[in-house]
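Heads up: the structure comes next, in structure tokens.
So you know, we letter chains A, B, ... as the sequences are listed, proteins then strands, and number each from 1. Keep in mind it's a predicted model, so treat the numbers as computed, not measured.
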There are 2 protein chains.
Amino acid sequence: MKIVVNQKNFKKALGVVEKVVAKNTTLPILSNILFKTENGRLRLSATNLEIGINYIIGAKIEEVGQVAVPARIISDFTGNISDEKITLTVKNNVLSINSEHYKTQILGFDAKDFPIIPKIKSKPLAAIPVKALKNSLMSVIESVALSEARPELAGIFVSFDNDRVVFASTDSFRLTEKQFDFKNAAKQSFIIPRNTVLELARIAGELDGDVIVNLGDNQISFSNDDFEMVSRLVDGAYPDYRKVIPDRFVSKVLINKNELEKNIRLAGLFSSNISDVKIQCAESKTSITAKNSDKGEIETGIVSTLKNQPFEISLNYHYILDGLKIMDTEEVVLEYTGQGSPLVLRPSNNRKDLVYLIMPLRK
Amino acid sequence: MKIVVNQKNFKKALGVVEKVVAKNTTLPILSNILFKTENGRLRLSATNLEIGINYIIGAKIEEVGQVAVPARIISDFTGNISDEKITLTVKNNVLSINSEHYKTQILGFDAKDFPIIPKIKSKPLAAIPVKALKNSLMSVIESVALSEARPELAGIFVSFDNDRVVFASTDSFRLTEKQFDFKNAAKQSFIIPRNTVLELARIAGELDGDVIVNLGDNQISFSNDDFEMVSRLVDGAYPDYRKVIPDRFVSKVLINKNELEKNIRLAGLFSSNISDVKIQCAESKTSITAKNSDKGEIETGIVSTLKNQPFEISLNYHYILDGLKIMDTEEVVLEYTGQGSPLVLRPSNNRKDLVYLIMPLRK
């Protein structure tokens with residue numbers, strides 16, 4: 001192999017693929033990136049066996065070839081030079097990188113030992129706008145279960161209806177649902193593992209336009225012209241979470257999001273266990289209080305607008321902070337749905353595309 | 001106690017003292033800050049028994065008093081509010097903090113249980129410019145020994161001569177000396193512990209003008225009108241390090257600092273043990289090479305100006321990076337002093353105030 005690449009493009013490509021390179025693996029080949037000439041371009045591939053990524057960049061190809069090289073050293077090296085053109089030459093699995101100021105040789109491995117990243121051959125499910133995808137994934141990621149005790153909760157539930165895509169997650173303490181309008185012929189639903197979501201959201205920030213979604217046997221891929229990510233899906237059926245979302249409220253309050261967030265955070269300093277921040281909503285004021293027999297107590301107040309009866313509720317303050325973080329309006333609505341029912345958090349402007357629930361505490 | 005303070009001043013004072021608050025201590029009182037009215041102002045004090053800090057701010061005092069309060073909660077709370085005026089009231093060792101939007105009560109402790117930070121009664125040794133002090137301390141901090149195997153090396157040696165102050169440190173692998181001109185009647189030398197130096201340098205960034213140095217029995221203090229820091233000194237005699245600094249060189253090379261730093265860093269990626277970065281200085285070019293039987297090899301070159309014979313030397317690349325970091329000139333001088341003798345690093349412009357030595361590797 002002998003090729004010439006632009007340093008900026010090469011660095012970007014390394015940045016995209018290196019994050020899925022396996023760390024501390026018992027299979028040393030997985031800590032490598034595969035470089036392979038393909039149709040006049042250079043393909044970089046990495047996989048941790050759960051997620052595989054291919055990224056393709058333009059290159060001047062003088063001689064085709066392939067090699068697997070340790071991700072860490074090539075990425076550190078390339079990230080720290082500023083020579084514009086880089087010549088990559090492979091001989092006996094040694095990658096020589098030469099540029100105006102540097103000559104290096106990096107010991108690599110036979111590309112044949114690198115695992116094959118599967119291709120999904122089915123017809124594409126949909127082409128969805130990458131910005132909306134990223135925004136939706138990031139809205140629901142926080143309430144994905146971290147434990148694998150119930151594997152289906154350790155991922156994001158995605159459902160393509162005929163006229164919308166719905167994203168949902170719950171760790172059984174809180175639940176988030178986010179959706180956007182999207183016309184699509186096929187109806188499908190599946191569960192994407194948490195790590196895949198995080199990687200996809202990260203990479204989506206670097207992409208424009210649409211990504212094509214392909215579903216295979218327990219696998220999914222997201223791709224565009226330069227990029228492809230393949231991941232396993234979570235096995236199992238997602239619980240019927242819709243029935244947990246209350247369809248009516250007892251009282252609701254409209255309140256400034258930043259003020260509420262700040263006051264909850266301050267009250268959190270005085271909380272000792274997860275339930276001792278109390279929110280009391282009266283006619284034109286919401287009070288946040290917390291009391292801790294070791295530390296002391298706090299009382300703060302925010303102007304707010306109440307509909308129906310005053311109410312009070314005790315919460316794990318981390319959960320409400322997580323919910324406020326994903327609201328994108330200046331004011332938010334808290335819906336009280338009764339003792340022993342969830343507290344519902346929504347954007348202020350009657351939007352139905354985002355809802356966040358905090359389940360009642362079991363005493 | 002009942003006083004009113006300005007939030008910004010109070011926050012700054014907390015920031016200065018809280019860093020020496022003891023963490024994970026077996027003496028719970030040490031995780032507190034002592035608040036005490038004093039001559040119409042408010043004094044904040046903290047100590048970890050090695051270092052003690054007092055910081056005094058203006059306050060409107062309605063009633064004198066004192067209390068010790070857990071540092072963490074009061075600092076987190078004060079740092080996150082923006083009400084301008086804060087009223088502090090103490091009753092039965094409970095500190096009430098009230099402001100426009102917040103009411104809190106923080107459970108404190110009896111101020112009498114807080115350890116006394118010693119006063120050094122001796123005549124001041126000197127009043128030295130705080131900027132020069134900070135700059136000197138930061139220049140030599142990197143080569144202080146981290147191990148306490150030889151306690152005297154775990155601090156910075158400071159020596160007041162009649163016309164200069166000298167700062168030195170060595171961990172026996174490298175050595176730094178920094179000095180500045182300073183007329184002072186008293187001749188004195190002492191060793192400041194590493195932690196004290198770090199705290200002092202941090203706080204020095206917030207101060208202006210001069211700080212007064214007082215020496216006591218194995219203690220030292222640094223103070224100005226608002227601030228006082230008292231620390232133990234390191235016991236023992238500092239080695240006669242001056243005799244290690246070569247007074248002549250075999251060859252020397254003038255080279256761009258940033259280029260050298262970047263190339264050494266890149267070569268470091270290919271080093272496996274601490275000695276395999278090699279610097280070869282020829283007439284008009286310095287080559288940096290590294291070779292590692294597991295990773296590969298690198299060769300880079302920088303334009304440079306040699307005096308006398310070409311030379312080559314193998315180095316722990318971390319040590320030369322540490323030395324380059326403290327050089328404040330665009331070009332630096334490397335002095336080769338012979339096989340088995342230190343490599344000397346200096347600023348380019350014949351300045352004698354800063355010198356950094358890397359000891360030869362023992363093979």
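At a 4.5 Å heavy-atom cutoff, the contact between L269(B) and chain A is made by backbone and side-chain atoms alike. Interface remark: S287(A) contributes no atoms to any contact with chain B (heavy atom separation under 4.5 Å). Interface remark: I97(A) contributes no atoms to any contact with chain B (heavy atom separation under 4.5 Å). Looking at T289(A), neither its backbone nor its side chain comes within 4.5 Å of chain B, counting heavy atoms on both sides. For a residue to count as touching a neighbouring chain, one of its non-hydrogen atoms must lie under 4.5 Å from one of that chain's; by this rule I81(B) touches chain A with backbone and side chain alike. Of the atoms belonging to N98(B), not a single heavy atom falls under 4.5 Å from chain A.
One distance of note links CZ of F77(B) with CG of L266(A); it measures 5.5 Å at 0.5 Å rounding. With rounding to the nearest 0.5 angstrom, the CZ atom of R72(B) is 8.0 Å from the NZ atom of K295(A). The NZ atom of K103(B) sits 10.5 Å away from atom CD of E297(A), with the distance rounded to the nearest 0.5 Å. Between R265(B) atom CZ and D76(A) atom CG the span is 11.0 Å, to the nearest 0.5 Å.
Here the closest heavy-atom approach between residue N292(B) and residue L107(A) is recorded as O-CD1, 4.4 Å. Heavy-atom minimum distance, N80(B) versus K262(A): O-CE, 3.2 Å.
Atom CD of E330(B) sits in a sparse spot, with 12 or fewer heavy atoms from other residues, nucleotides or ligands closer than 6.0 Å. By the neighbour-count criterion of 12 heavy atoms within 6.0 Å, atom NZ of K257(A) is densely surrounded, having more than that number from other residues, nucleotides or ligands. When the shell of 6.0 Å around NZ of K23(B) is examined, it contains more than 12 heavy atoms from other residues, nucleotides or ligands.
Ranked by heavy-atom pairs shorter than 4.5 Å toward chain A, the options I73(B), V69(B), I288(B), V94(B) are led by I73(B).
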